[in-house]
Amino acid sequence: MHRLILSVKLLLLVFFSCLICSCTSAFSTSSRSHFSDFFENFSPGFLGDESMKYANRLPQNIDPPMEKMILVDPNVHAWGAYGPSGNLIRAGMATAGSNWCSDLGRSCHTRPGSFRVNFLGGFNCKSTKFPMPYGGAPMPYCMFFNGDQALHGSYEVVDGNVSHGCVRLEVEDARWLRFNFINIGTRVVVRKY
């Protein structure tokens, strides 16, 4: 209840600040852009302790990408959703690809680079490959960005890199990204290990 009251107070404070700025500048684009990331992507979940723990592992601002984007950093086991102006909107724990996958006999690192989301799935998304040989592992709210690599929900998210190459997220984080932030074409940047 306390978190809800704080969220409402914060929303009202920002709303009235934005209203004052908008009135004094005749609704100019520059005054609205200062708050656009907040209003377009506001999520009370971002204000939670767990989200802040991972937000503190990532830059709070990046060079403005001029589009929304996801940053995955396997070194700090975190993901961040950034608005077009480069502000961190929401963050969480990310389990990236393992140094070694014994069932494959090789490294399973999530490939670093800049990619675009090319497929969006729902709650019933499943792996066609893992566990080997038949697949079937749950991948709720999958968002494929590089061939067979995806961001997806999991009930086995750890503060480490143990996946077969996908980026595991808490199921609620994956659901939020899938329905509130990511579209086909959204940029995903994976940092080098």
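Owing to the predicted nature of the structure, the values given are computational and were not obtained by experimental measurement.
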Quick check against the 3.5 Å criterion: does Gln60 have a side-chain atom that pairs as donor or acceptor with the backbone of Ala55? yes
Do the side chain of Arg168 and the main chain of Glu156 share a donor and acceptor less than 3.5 angstrom apart? yes
Interatomic distance, Thr186 atom OG1 to Leu177 atom CG [nearest 0.5 angstrom]: 9.5 Å
Test item: Pro112 and Arg191 side chains (from C-beta on) under 4.5 Å apart, heavy atoms: no
Can you check whether Thr110 reaches Tyr193 side chain to side chain, under 4.5 Å on heavy atoms? yes
Indicate if Val117 and Ile89 have the same hydrophobic cluster label, given that clusters are the connected sets of ILVMFWY residues with side-chain heavy-atom separations under 4.5 angstrom. yes
SB check Arg57 Asp159 (cutoff 4.0 Å): yes
Hey, what else clusters with Val171 if you join Ile, Leu, Val, Met, Phe, Trp, Tyr whenever side-chain heavy atoms sit under 4.5 Å? Phe123, Tyr141, Tyr155, Phe179
Shortest non-hydrogen contact between Ser85 and Pro65, atoms and distance: C-CD, 4.4 Å
Less than 4.5 Å apart, side chain to side chain, heavy atoms only: is that true for Thr128 and Lys126? no
Mind checking the SG-CZ spacing from Cys166 to Phe144? Nearest 0.5 Å is all I need. 6.0 Å
The reported gap from OH in Tyr54 to CG in Asp173 (rounded to nearest 0.5 angstrom) is 10.0 Å
Under the side chain to side chain contact (heavy atoms under 4.5 Å, CB included) rule, what do Leu151 and Val72 come out as? Steps first, then yes or no, please. CA-CA 10 Å; Leu151 301 161; Val72 176; 3.9 Å; yes
State, with a plain yes or no, whether a side-chain heavy atom of Leu71 is found less than 4.5 Å away from one of Tyr82. yes
Answer yes when Glu170 and Arg175 have at least one side-chain N-carboxylate O distance shorter than 4.0 Å, and no when they do not. no
Would you find a donor on one side and an acceptor on the other, under 3.5 Å apart, between the side chain of Ser127 and the backbone of Ala137? no
Do Asn161 and His77 come within less than 4.5 Å of each other through their side chains, counting heavy atoms only? yes
Can you name the closest pair of heavy atoms from Arg111 and Gln149 and give their distance? N-OE1, 3.2 Å
Find the distance between CD1 (Ile70) and CZ (Phe115) and round it off to the nearest 0.5 Å. 14.0 Å
Report the distance from atom OG of Ser98 to atom CZ of Arg106, rounding to the nearest 0.5 Å. 11.0 Å
Side chains of His164 and Cys101: closer than 4.5 Å at any heavy-atom pair? yes
Just do the side chain to side chain contact (heavy atoms under 4.5 Å, CB included) check on Leu120 and Ile184 with the steps written out, would you? CA-CA 7 Å; Leu120 298 170; Ile184 297 292; 3.9 Å; yes
Would you check, one step at a time, whether the test side chain to side chain contact (heavy atoms under 4.5 Å, CB included) holds for Leu169 with Trp79? CA-CA 8 Å; Leu169 313 171; Trp79 65 269; 3.3 Å; yes
Thinking salt bridges, do Lys129 and Asp103 make one under a 4.0 Å N-O criterion? no
Flag yes if Met139 and Met143 sit in one hydrophobic cluster, no otherwise; membership is Ile, Leu, Val, Met, Phe, Trp, Tyr, and two members link when side-chain heavy atoms are under 4.5 Å apart. no
Do Asn99 and His109 pass the side chain to side chain contact (heavy atoms under 4.5 Å, CB included) test, and can you show the C-alpha distance, the side-chain angles, and the key distance before you say yes or no? CA-CA 6 Å; Asn99 287 331; His109 279 178; 2.5 Å; yes
Sidechain-backbone polar pair: Ser107 side chain, Trp100 backbone, donor-acceptor under 3.5 Å: no
Are any of the side-chain heavy atoms of Leu58 and Asp73 separated by less than 4.5 Å? yes
Looking just at side-chain N and O atoms, do Lys68 and Asn183 make a donor-acceptor pair shorter than 3.5 Å? yes
Are Val76 and Val189 co-members of a hydrophobic cluster defined by side-chain heavy atoms under 4.5 Å apart? yes
Let me confirm one number: the CE-CD1 distance from Met69 to Ile182, rounded to the nearest 0.5 Å. 11.0 Å
Expected output: side-chain Asn56 to main-chain Met52 donor-acceptor under 3.5 Å: yes
